[in-house]
2 protein chains.
Amino acid sequence: MTARSTNTGEGSGAHDPHRDIPEATVARLPVYLRALTSLAERNIASCSSEELATAAGVNSAKLRKDLSYLGSYGTRGVGYDVDYLSYQIAREIGVTHDWPVIIVGIGNLGQALANFSGFSSRGFRTVALLDAAPQMQGQAVAGLEVRPFADLAEIVAAEQVSIGVISVPATAAQDVADAMVGAGISSILNFAPAVLSVPPGVDVRKVDLSIELQILAYHESRKAAESAEAAATVDNGSEEGITA
Amino acid sequence: MTARSTNTGEGSGAHDPHRDIPEATVARLPVYLRALTSLAERNIASCSSEELATAAGVNSAKLRKDLSYLGSYGTRGVGYDVDYLSYQIAREIGVTHDWPVIIVGIGNLGQALANFSGFSSRGFRTVALLDAAPQMQGQAVAGLEVRPFADLAEIVAAEQVSIGVISVPATAAQDVADAMVGAGISSILNFAPAVLSVPPGVDVRKVDLSIELQILAYHESRKAAESAEAAATVDNGSEEGITA
DNA sequence: CGGAGTTTGTGACTGCGAGAACAAACTCGC
DNA sequence: GCGAGTTTGTTCTCGCAGTCACAAACTCCG
Ligand SMILES: NC(=O)c1ccc[n+]([C@@H]2O[C@H](COP(=O)([O-])OP(=O)(O)OC[C@H]3O[C@@H](n4cnc5c(N)ncnc54)[C@H](O)[C@@H]3O)[C@@H](O)[C@H]2O)c1
Ligand SMILES: NC(=O)c1ccc[n+]([C@@H]2O[C@H](COP(=O)([O-])OP(=O)(O)OC[C@H]3O[C@@H](n4cnc5c(N)ncnc54)[C@H](O)[C@@H]3O)[C@@H](O)[C@H]2O)c1
């Protein structure tokens, strides 16, 4: 996009664009990567933007624009090489090597996460499970021993962990986040329904099921209201030019 | 949907604005609601937009703008009454009464969801758990008996369910979604890493942990690249007087 | 070798959302 | 009762993101 080389020096390499990928695009790259993986599993070697867009559930123009932020990895008149593009996206995201991850709070949700195989297959490796409850400690979950919360800093340092998952009750979430940041973690995935405050430089993403359900409920209410209104309109006879 | 023309009458409420709340606002209303609930639990009867915004982790101007879409429920010079505003938001979202919900796929994640108390306390009631595996059926999870997937339509009709949760493997997700839609469900919360296609009028929201982690990984990579670059710059000479 | 057909990459346009700033409206003290 | 102080509701502006449309670049076939 607009080779604005007016940037300070920095003549890094053949493709300069590596700067400033829009956040909305970053959020879609993993979706494209998954679609590509799925194509590769079906032994499809190349695909058009149209095909990939369909597989990813987006508009093809948006897909092409997104990919153009990474560089020109397609061939006009042909399409994209599945393996090549996969690698380029993985490299851009930074999942060409595995990221060590720790999970704090091995309750209902934490155990499900620990047992989830989808993480390891997508560039993440759970290196430790931590919990504050004495009765949890030493128990084996998903082949890992649950360790005391106090070991956090030690583990983070030893394993060079930069990503942490919080699945403790909301009341404990801020404390855990503080401890994580103190131990050197700089990216947090938070499942607790709490607003975390962290210093600049630390990224937090939250996953909140209640919110998702409430958003669905809102739209559901509106749908109900709409059909009720439509019925009322029919009742009323004319009113509103919707009359047949 | 249907771009409605200037709706006439609609004398239901004192304020007419009930139309067209921006999607971004809808996504924040549940956050405000939770912050208000938290304030109410601490016996705080009223609050300013500034306080509420802090509790919800947003900008106060944005909060006021969001709330203004619902109507004028605050008092200038005073602030918002916590209970009153809570009720108004809950009413707008449509969670003044409980929504029946079913969960399909009672594996690792499905069991965690079934055991999760946070749903029931926020306007949702799990009325049935369904799974296709014979060995799951009849088992009790979270006080509910797991029922065969074939009972889906019957349950949806009997309990008037309009919201369904999918926590089956990705390969089965589309089939489950189709069955849900066929049974009359019109809102789906999907945990499977798959792109669902549904007819118009059906809402789908997805929760994808791998994507969240990959987004974090992207930013983490950039942070690493940045500090490496900074180090290189220091090597180069001036810039940042960290000259050791 | 050249033209037809295909598909990418990108510029232009549009609409939404975030944030700052301010007028209107309310309370409180005197 | 009135002015000072406070806080909401709204207006304005700016930037980001989505979509369209098309030129550039490639392949294939005659
Ligand atoms: N279970 C779900 O499906 C689900 C869904 C959405 C959100 N959540 C959220 O995820 C979080 C965990 O839910 P859950 O159902 O697993 O709860 P849980 O009570 O089953 O597990 C919480 C675990 O965290 C541990 N813990 C508590 N305080 C701690 C601390 N300070 N340090 C370390 N460990 C601590 C507890 O010992 C316990 O094992 C909650 O915030 C919940 O709201 C859960
Ligand atoms: N476990 C996690 O923490 C986690 C995290 C993120 C995403 N997910 C996703 O959630 C989904 C479920 O994960 P899980 O770990 O619970 O898997 P799981 O294998 O433990 O459970 C899946 C359940 O679905 C049932 N099932 C399979 N096909 C079905 C069908 N057609 N109809 C009805 N039921 C069917 C199975 O019998 C099983 O009980 C997966 O798509 C996974 O990628 C899980």
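Letters A, B, ... mirror the listed sequences (proteins, then strands); counts begin at 1.
Listed candidates were dA17(D), dG18(D), dG19(C). Nearest to the side chain of P22(A) is dA17(D). With dG9(C), dA21(C), dC20(D) as the candidates, the nucleotide lying closest to the side chain of R64(B) is dA21(C). Side-chain atoms of R76(A) lie closest to dG9(C) of the nucleotides dG9(C), dC20(D), dA24(C). Of the listed nucleotides (dA21(D), dA24(D), dT7(D)), dT7(D) has the atom at the smallest distance from the side chain of S48(B). The side chain of E23(A) has dA17(D) as its nearest neighbour among dA17(D), dG19(C), dT8(C). Taking only side-chain atoms of S49(B), from C-beta outward, the nucleotide of dA20(C), dT8(D), dC20(D) with the closest atom is dT8(D). With dG9(C), dG9(D), dC20(D) as the choices, the nucleotide that has an atom nearest any side-chain atom of S68(B) turns out to be dG9(D).
At whole-Å resolution of the value, CD1 in I21(B) and P in dG17(C) are 12 Å apart. Rounding to whole angstrom units, CG of residue D81(B) and P of dT7(D) are separated by 16 Å. Computed from coordinates, the Y73(B) OH to dA25(C) P distance equals 18 Å when rounded to whole Å. Rounded to whole Å, the distance from OH on Y69(A) to P on dA17(D) is 7 Å. Rounded to a whole Å, the CG atom of L63(A) is 12 Å from the C1' atom of dG9(C). Atom-to-atom, CD of E50(B) to P of dG5(D) comes out at 19 Å; the value is rounded to the nearest Å. Going from atom OH of Y80(A) over to atom P of dT7(C) covers 12 Å, rounded to whole Å. Computed from coordinates, the Q88(A) CD to dG9(C) C1' distance equals 16 Å when rounded to whole Å.
Exactly one residue among V95(B), I93(B), I89(B) makes a side-chain contact (heavy atoms from CB on, under 4.5 Å) with P30(B). That residue is I93(B). For the pairing with V58(A), the side-chain contact (heavy atoms from CB on, under 4.5 Å) check across L52(A), D66(A), L63(A) returns one residue only, L63(A).
Between dA17(D) and N59(A), no contact under 4.0 Å exists linking OP1 or OP2 to a side-chain N or O.
With hydrogens and angles ignored, a donor-acceptor pair under 3.5 angstrom links the side chain of K65(B) to the base of dG19(C).
Relative ring orientation between F119(B) and F116(B) is described as perpendicular, the plane-to-plane angle rising above 60° on a 0-90° scale split at 30° and 60°.
Nearest-nucleotide positions on DNA chain D place C47(B) closer to the 5' end than the other of R28(A) and C47(B).
Residues Y84(B) and Y73(B) bring their aromatic ring centres within 6.0 Å.
Residues S167(A) and I103(A) share a closest heavy-atom pair of OG-CG2, 3.9 Å.
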